[in-house]
Number of protein chains: 4
Amino acid sequence: MARYSALDPEKYIKIRDSAILLFFGQGVENTTMQQIAKNAGIAKGTVYLYFKGREELEKYIFDYCFDLHLKASVKDVDDEKCFTEKLKKRIKNILMWNAEFPKESSIIRSFYTPVNYSDTEDGLFSKSYEINRAYIEAGMKNGEFKNLPIEFLCKIVFSSVEGISTYIKQNSDALYDEDLLNQLIETVIDGIKNH
Amino acid sequence: MARYSALDPEKYIKIRDSAILLFFGQGVENTTMQQIAKNAGIAKGTVYLYFKGREELEKYIFDYCFDLHLKASVKDVDDEKCFTEKLKKRIKNILMWNAEFPKESSIIRSFYTPVNYSDTEDGLFSKSYEINRAYIEAGMKNGEFKNLPIEFLCKIVFSSVEGISTYIKQNSDALYDEDLLNQLIETVIDGIKNH
Amino acid sequence: MARYSALDPEKYIKIRDSAILLFFGQGVENTTMQQIAKNAGIAKGTVYLYFKGREELEKYIFDYCFDLHLKASVKDVDDEKCFTEKLKKRIKNILMWNAEFPKESSIIRSFYTPVNYSDTEDGLFSKSYEINRAYIEAGMKNGEFKNLPIEFLCKIVFSSVEGISTYIKQNSDALYDEDLLNQLIETVIDGIKNH
Amino acid sequence: MARYSALDPEKYIKIRDSAILLFFGQGVENTTMQQIAKNAGIAKGTVYLYFKGREELEKYIFDYCFDLHLKASVKDVDDEKCFTEKLKKRIKNILMWNAEFPKESSIIRSFYTPVNYSDTEDGLFSKSYEINRAYIEAGMKNGEFKNLPIEFLCKIVFSSVEGISTYIKQNSDALYDEDLLNQLIETVIDGIKNH
DNA sequence: GATGAATGAGAGTTCATTCAT
DNA sequence: GATGAATGAACTCTCATTCAT
């Protein structure tokens, strides 16, 4: 994607951070290349040295944000024994990351539905989705989770995490109240686990 | 909103359907007034007889879609006894409607996050949200649902329904397999009900 | 110009008065056919039964206003003996008319200089100009007025009347203070008369 | 007003001259931004680099023309002793300028009366008006001019100059016939001076 | 490599005019 | 004759992209 030839790596960062700030603050569609350049402290034309065009820039921003999300989501997950715990750890990671990176997580979200393309499975989010799926599938075979269509379980987990996130965005204390946080996550688990 | 003066009511429908089709197919932001007019089989200027401008048209489309959603969602809900059942009925209604009106439900969704504003509580979706909240709050006091922050329960239900919907979009059979459908919905209920 | 066939003569008046009001209030260029029709209490299309188009309507309005001006300007002028007195009477008439018909006189003025066409001599105002010219020429041959180019004398009188009018618009008392009014007019006469 | 940042100063001139030519030739209201750009030999969008929009451009053109007028009008005026002479010098200056800059002076005029607002005193022409007023007021106290309302004297002078200008436009020789020119101006002075 | 002036396609909107009812 | 919905040319303005410096 990005061509890290002899170009200044710092500029990528400046452009990226500028775009993230603006995408978050006023929406992707309402942000002009001009604004991104100005806010990055460089000239409009320079952006085109680093990115072929707006499309590539947008993709780069999304990929960057998504990559952060992805890396954060897997942290220490494999330390956990059972798949329930792995999944919980993963959810916790994502919630933490969403809170810590509100701009980046918001931007990821704004790529969900501008147009009606299929979201998770084959789309932009497939990598994250695949990881979830692996745990859930294993946990299902394992008997930890309900025997329901795997695609469904994946989707319910994915969307529930969004739900919790939305709640936390407005009630950030929940993040630091271990008990409460666990209860919130338990909600998701309770939904899919075998009783 | 719409000014049904002496203007042709059929044309409101043509414009509306044209807009819905295009908003769905290529996104709200990528659709021009010109395209909407052409696709409706009328001239560009005519659209402005029916709507003051793009903004009003967009609002009209959203309101129209949302209204459909709202009406469908409450159907027969009060026939149910307990709040768990009421909520289940409501969720079923929404899932049915989403499947029956894929364009309209998709469009509603595309008004979620154009910019980073708080979504459900105070925004465009507040009416739907309030209804959910009433049931959930009652069910919570009732002991049917977990004693967790009401806002949280609302959000988890809201987002879970989105999740199921996404699944059904790609597996529409689920909608006509009563057993399966119940199991999917049970997933949401299991998450929030008192065990 | 206007075709008084079997059309309703009252409508001409309605349209005309509506146009005059709007031309005066917001300028000729800023007034739409729609506004004129609405304000006249008739339908947009009807205007086109009475006038071929905007251009013809504008011309009609101008001609109407100008005709009023013309008729008012010659009243009792020939009762006066010498050309100085005739001219003074004429000026007085115009000042009175301007005050009595502020809208109409303002509209006449707004046809002066939208584009840079030669104004008085051959243009729209030629009729009024010709009358002035006749008096002034006669008065000049007579020795009452300075022996200067006739065109010049005409123009200086014409423009001076405008000047007095402008003053009176903001100091309408002057119109009813016979002495003062005479002094104002004397100013014009003093400029062109043989001392 | 004009933002002489790093933009090409020559282009301001090109745009200005293009606009002046078109405003003069076909009227301000009938001139499009497109035409101005094309006639200036640049692209439509470029105009908007130099001016925020049509309104700013129009204001700039007016201010530019008016400034020329203003500067020309005061030249050598204070070399003259009495106020009569000062005023005469000033009038001569304006007549000269009007002849030398027919487009610019015509454009100034076309900002008089688009809508029916009071013209000289408080409006766009106030600066020029104030200067006139100072001389006339002084000359009146001085006994050089008639003891009439100052506003009136200002207006009659202002309008008379317009009258002479109109004459000269069609008889440009008058400008170079010192004797005649003096006689024309004397006409104005004779009107307002104490006999 | 960096710049930002220049470009022009294309967006939303207005309005004089037409014409079926 | 009267209507006003329909039309589409034309307007102002924006912005992704290019390219000479």
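Sequence lines set the chain letters: A, B, ... in the order given, protein chains first and strands last, and positions in each chain run from 1. The shown structure was predicted, so the numbers you read here are calculated from the model rather than taken from an experiment. Just the heavy atoms: all of them, side chains too, but no hydrogens, waters or symmetry mates, feed the values below.
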Worksheet item: Any side-chain heavy-atom pair from D:Tyr60 and D:Ile15 closer than 4.5 angstrom?
Response: no
Worksheet item: Under a 4.5 Å cut-off applied to non-hydrogen side-chain atoms, are D:Leu57 and D:Tyr50 in contact?
Response: no
Would you tabulate the pairs of protein nitrogen or oxygen atoms and nucleotide nitrogen or oxygen atoms of nucleotides 14-16 of chain E closer than 3.5 angstrom?
from   : atom 1 : to      : atom 2 : distance (Å)
E:dA16 : OP2    : C:Met33 : N      : 2.8

Worksheet item: Looking for any heavy atom pair under 4.0 Å, which part of the strands does C:Lys11 touch: base, sugar-phosphate only, or nothing?
Response: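 Sugar-phosphate contact only - C:Lys11 comes under 4.0 Å of backbone atoms but never of a base.
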Taking atom [atom2] of [N] as reference, at what distance in whole Å does atom [atom1] of [X] sit?
X: D:Leu57; N: F:dC11; atom1: CG; atom2: C1'; answer: 15 Å
X: A:Leu49; N: E:dG4; atom1: CG; atom2: P; answer: 13 Å
X: D:Phe51; N: E:dA6; atom1: CZ; atom2: C1'; answer: 16 Å
X: C:Lys38; N: F:dT3; atom1: NZ; atom2: P; answer: 15 Å
X: C:Ile36; N: F:dG4; atom1: CD1; atom2: P; answer: 17 Å
X: D:Tyr12; N: E:dA5; atom1: OH; atom2: C1'; answer: 12 Å
X: A:Glu56; N: F:dA16; atom1: CD; atom2: C1'; answer: 14 Å

Worksheet item: If you find the nucleotide of DNA chain F closest to C:Ile42 and the one closest to D:Glu55, which residue's nucleotide is nearer the 5' end?
Response: C:Ile42
Given 3.5 Å as the limit, does a donor-acceptor pair link the side chain of [X] with the main chain of [Y], or not?
X: C:Ser105; Y: C:Phe101; value: yes
X: D:Ser18; Y: D:Lys14; value: no
X: A:Asp67; Y: A:Asp63; value: no
X: A:Gln35; Y: A:Thr32; value: yes

Discussion item. Ignoring hydrogens, what is the shortest heavy-atom contact between B:Ser128 and B:Phe66? Give both atom names and the distance.
Written reply: CB-CZ, 3.6 Å
Worksheet entry | salt bridge (charged side-chain N to carboxylate O under 4.0 Å, His left out) against D:Asp17, all qualifying residues, sequence neighbours excluded |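 By the salt bridge (charged side-chain N to carboxylate O under 4.0 Å, His left out) rule, D:Asp17 matches no residue at all.
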Discussion item. Quick check on E:dA2: is either OP1 or OP2 less than 4.0 Å from any side-chain nitrogen or oxygen of A:Tyr50?
Written reply: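 Answer is yes, contact under 4.0 Å.
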Discussion item. Both atom distances under 3.5 Å, Watson-Crick or G-U wobble: I'd like the secondary structure of DNA chain F as a dot-bracket string, with | for pairs made across strands.
Written reply: .||||||||||||||||||||
Item to complete: In sequence, state the C-alpha distance, the side-chain angles, and the governing distance for C:Glu58 and C:Arg54, and then conclude on salt bridge (charged side-chain N to carboxylate O under 4.0 Å, His left out).
Response: CA-CA 6 Å; C:Glu58 278 188 21; C:Arg54 173 180 252 273; 2.5 Å; yes
Item to complete: Identify, between D:Gly41 and A:Ala43, the residue whose nearest nucleotide on DNA chain E lies closer to the 5' end.
Response: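 Result of the comparison: A:Ala43.
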